[in-house]
Each structure stands twice: as structure tokens, then as C-alpha cells.
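Take a look at the structure below.
Note on naming: letters A, B, ... go to the chains in the order of the sequence lines (proteins, then strands), and numbering restarts at 1 for each one. Below, all heavy atoms of this structure are taken into account, side chains as well, without hydrogens, waters or symmetry copies.
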2 protein chains.
Amino acid sequence: MLMKHPNVSQQTRTDAGLAAVLRVAVGRLARRLRAQRPDASLSLGQGAVLFALARHGQLTPGALADHEKVQPPSMTRIIAALEERGLVRRMKHPDDRRQQLVELTEEGVQLVRADQRRREAWLTQRLRELTPEEKATLRKAAEILERLSQS
Amino acid sequence: MLMKHPNVSQQTRTDAGLAAVLRVAVGRLARRLRAQRPDASLSLGQGAVLFALARHGQLTPGALADHEKVQPPSMTRIIAALEERGLVRRMKHPDDRRQQLVELTEEGVQLVRADQRRREAWLTQRLRELTPEEKATLRKAAEILERLSQS
DNA sequence: CGATATTGTTAGCAAGAGTAATGAGTCATG
DNA sequence: CATGACTCATTACTCTTGCTAACAATATCG
């Protein structure tokens, strides 16, 4: 082999090194989370949309696409799937008839609540194995990651 | 709306709340990273494999699949793509002829190095905008995330 | 030796995201 | 006030990437 095999902490000294490690870690965890989803449950994207609606109330499809960093057609599909399952409802935008407003149905609200206890179960279990300090780190990191993905 | 719209810090008080936020943040950032990849470059999975080989030297396809949390057939495809581009080379395992060893070619080594400067450019740039404290948090978080995805 | 396990591959399929083109509605400007 | 440009969402299509199931080759153990 031509390269050394430095450990993670050595590799994260530089921004580029941190970027590389973070990129790989995020990709791998995303795969893992996707695979972990219980069968009849929501896709990662669907869950994220429900979550966003629970947090922000009514949103337009465009705003949701923007928020979740997907293209509008992808969001159309996600919303259609959620609507078919009766979890969200579309309403015409009062001021601009090109737009729509998407909001949770009562069933959607219930599901989001249930998900707090059920769908994130795998990750929740993993988190329980961490020390309080590690969880605190993740709390701070979650906010930073959110900012990164928006910028 | 039937739910309150608590902010992130409120939602991460509990393990389940942290899990929900983390799940969404990781999914979104993974999407963003995937989209950010320059056209002629490697896929996220291919990059991760090259990265793993750079770090660990020779590995079997099975070990790589395990490491990256994909099923063996997926790894077969990733390796085939990398081999086709001349970035990795397969060798027979000296002791067990069922197994193979995969290692970087010189070209693969060059590409991994170049990626440190080029492929993670977007994320590196974002990281530069963070405070040293935030970067320290991400360094610690990266290690935790890596552990989570392995467990 | 023969049965079982392990390793990797092939084949086929499904989910998820992207681009390009389209339709409907709005807005600005001559 | 009409028309041309723009915006928002959708449809149609394609590509990537992951999976499971089945299989071939080799190893291991009774």
C-alpha cells in the first residue's frame, strides 16, 4: 500500500479531512436508517415531510421541496403518497391559485406522534447506549448538520 | 394545526426527539452530498469504498460490504465499477480461494488524494464557515455517528 | 468422502431521485 | 388591457442504488 492508514482523529484535523470522514459517516448512517425502517412504515422522505409539517404547519410543495433539498417532482411524489394514505391534505392557496398548501390530517398528526415512540425505535435504542456527553454532542451536531444542509 | 411547533432544541430533549431530528438531518445532508457530487466523479458508495481501502489497505468484498453496511451484491457492483475505471485491483486471497482481496491501484490512490482537495469541496467550504467550536463538535459527532452506523 | 457453510456473483426487481416538458396561473410592461 | 415572461406544480421518463433469491466455487467438519 502506498498510503498510511491514519485513524479518524488524525484525519479530522483539517477541514478537508473532517469533510471526508463526515461525508462517509453521514452516507453510511443514512443507508442504515433507510434499511432500518419497518416494512409498512414511511419512507425516509415521507417521514421528513410529515415531520416538517408538524413543525411548521401548512407549507407549499415548493417550500417543502426546498426545505428537504429535493427537486419539486420528487416532492410531488412524496406528497401524493402521503395523501393517498390520508396523512396529509392539500388546500388551494388563498392568494395564489398556482400554489397549494399541504397540512397534516388528524391521522397524520397521530402518526407523527406515534413515530416519536415507534419509527425511530432503532436509532432511539442506539442513542440510549451513549453517554449523556455523547448525546449532548449529537444534539449540538444535529443543529449544525441541519444548517449545513440548508446552506 | 393540532400540534405545537417546538424548535429543535426543545425536540432533542428526549432520546426519541433527538433520534427524530438526527434522522431527518442525516437524511437531508446525505441527499445534499449526493447531489453535490461533480458529474464525472464517484458515487457516494464508490467514494466510501475507496476511502475505506485507503484507510485499511487490502480488504475482501465481504469485509467492505460489512463495513459500508450494504449487502454483498451491492458491493460486487461497486467494486466492478471501480475496477472498470482502473481504481482498484482484485487479487486472489492467498489462503482461501473463495475470497478475493481488493486494493487501490496507483490511480486509485491518486484519486483518493485528489478527492481530499476536490470532491469534498462543497462540504469543506461549508465547514470553513463554522466556528472552531462547531468543528470540534462535528469531529466528536463524526466518531459517534460512525459508531452508531456500525452497531 | 459427503454434507453443510461460506464467499462472491448473477439476475431481477423496487425505491427514490433527477431532468425535461407541460399546464395552469400570475405579473409586468408596453 | 393584452401579451409575453415567469412561477408553481405535475407528468413522463430515466438512472442510480439498494435489495432478495438463486447459484457457483471453495472450504470445513462429521
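Distance CG (D66(A)) to P (dT7(D)): 14 Å, rounded to an integer number of Å. In this structure, L64(B) places its CG atom 17 Å from C1' of dT17(D), rounding to the nearest Å. Put simply, CD on Q99(A) is 16 Å from C1' on dG23(C), counting in whole angstrom units. Going from atom CE of M75(B) over to atom P of dT6(C) covers 20 Å, rounded to whole Å. One interatomic measurement links the two molecules: CD1 of I79(A) to P of dG16(C), which rounds to 15 Å at whole-angstrom precision. Between the CZ atom of R90(B) and the P atom of dT7(C) there is a distance of 17 Å, given to the nearest Å. Rounded to whole Å, atom C1' of dG18(D) lies 13 Å from atom CG of L44(B). The interatomic distance linking L101(A) (CG) with dC8(D) (P) rounds to 13 Å, in whole Å.
For residues 126-151 of chain A, the set of pairs meeting the ring-ring contact (aromatic ring centres under 6.0 Å, His included) definition, not counting sequence neighbours, is empty.
Overall, the helix from dC1(C)-dG30(D) to dG30(C)-dC1(D) carries an axis bend of 10° between its ends, with five pairs at each end and the value rounded to 10°.
Checked against Q58(A) for a side chain to side chain donor-acceptor pair (under 3.5 Å), the options E103(A), R89(A), Q100(A) give a single hit: E103(A).
A side-chain donor-acceptor contact under 3.5 Å links R32(A) to the backbone of S149(B). Counting only distance, with no hydrogens or angles, the side chain of T105(B) and the backbone of G86(B) share a donor-acceptor pair below 3.5 Å.
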Worksheet entry | nucleotides 24-30 of chain D: protein proximity per nucleotide (B base, S sugar-phosphate only, - neither; heavy atom, under 4.0 Å) | -BBS---
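Side-chain atoms of H93(B) and R98(B) include no donor-acceptor pair closer than 3.5 Å.
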Expected rows: protein N/O vs nucleotides 19-23 of chain D N/O, under 3.5 Å:
| residue | atom | partner | partner atom | Å |
| --- | --- | --- | --- | --- |
| dC19(D) | OP2 | Q71(B) | N | 2.8 |
| dC19(D) | OP2 | S74(B) | OG | 2.8 |
| dC19(D) | N4 | R77(B) | NH2 | 3.1 |

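The phosphate of dC8(D) has neither OP1 nor OP2 within less than 4.0 Å of any side-chain N or O from T60(A). For the pair Q46(A) and dA15(C), the criterion of a side-chain N or O lying under 4.0 Å from OP1 or OP2 is not met.
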Which pairs would a plain distance check flag for residues 69-83 of chain A, meaning a side-chain donor or acceptor within less than 3.5 Å of a matching protein atom at least two apart in sequence or in another chain?
| residue | atom | partner | partner atom | Å |
| --- | --- | --- | --- | --- |
| K69(A) | NZ | D66(A) | O | 3.4 |
| T76(A) | OG1 | P72(A) | O | 3.3 |
| E83(A) | OE1 | R90(A) | NH1 | 2.3 |

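Residues V88(B) and L101(B) are members of separate hydrophobic clusters, defined by side-chain heavy-atom contacts under 4.5 angstrom among Ile, Leu, Val, Met, Phe, Trp and Tyr.
Other residues, nucleotides and ligands place more than 12 heavy atoms under 6.0 Å from the CD atom of E129(A).
E107(A) and R85(A) are not joined by a salt bridge, as no carboxylate oxygen comes within less than 4.0 angstrom of a charged side-chain nitrogen. A salt bridge between K140(B) and E133(A) is absent, with no side-chain N of the basic residue lying under 4.0 Å from a carboxylate O of the acidic one.
For K135(B), the salt bridge (charged side-chain N to carboxylate O under 4.0 Å, His left out) partners are D15(A), not counting sequence neighbours.
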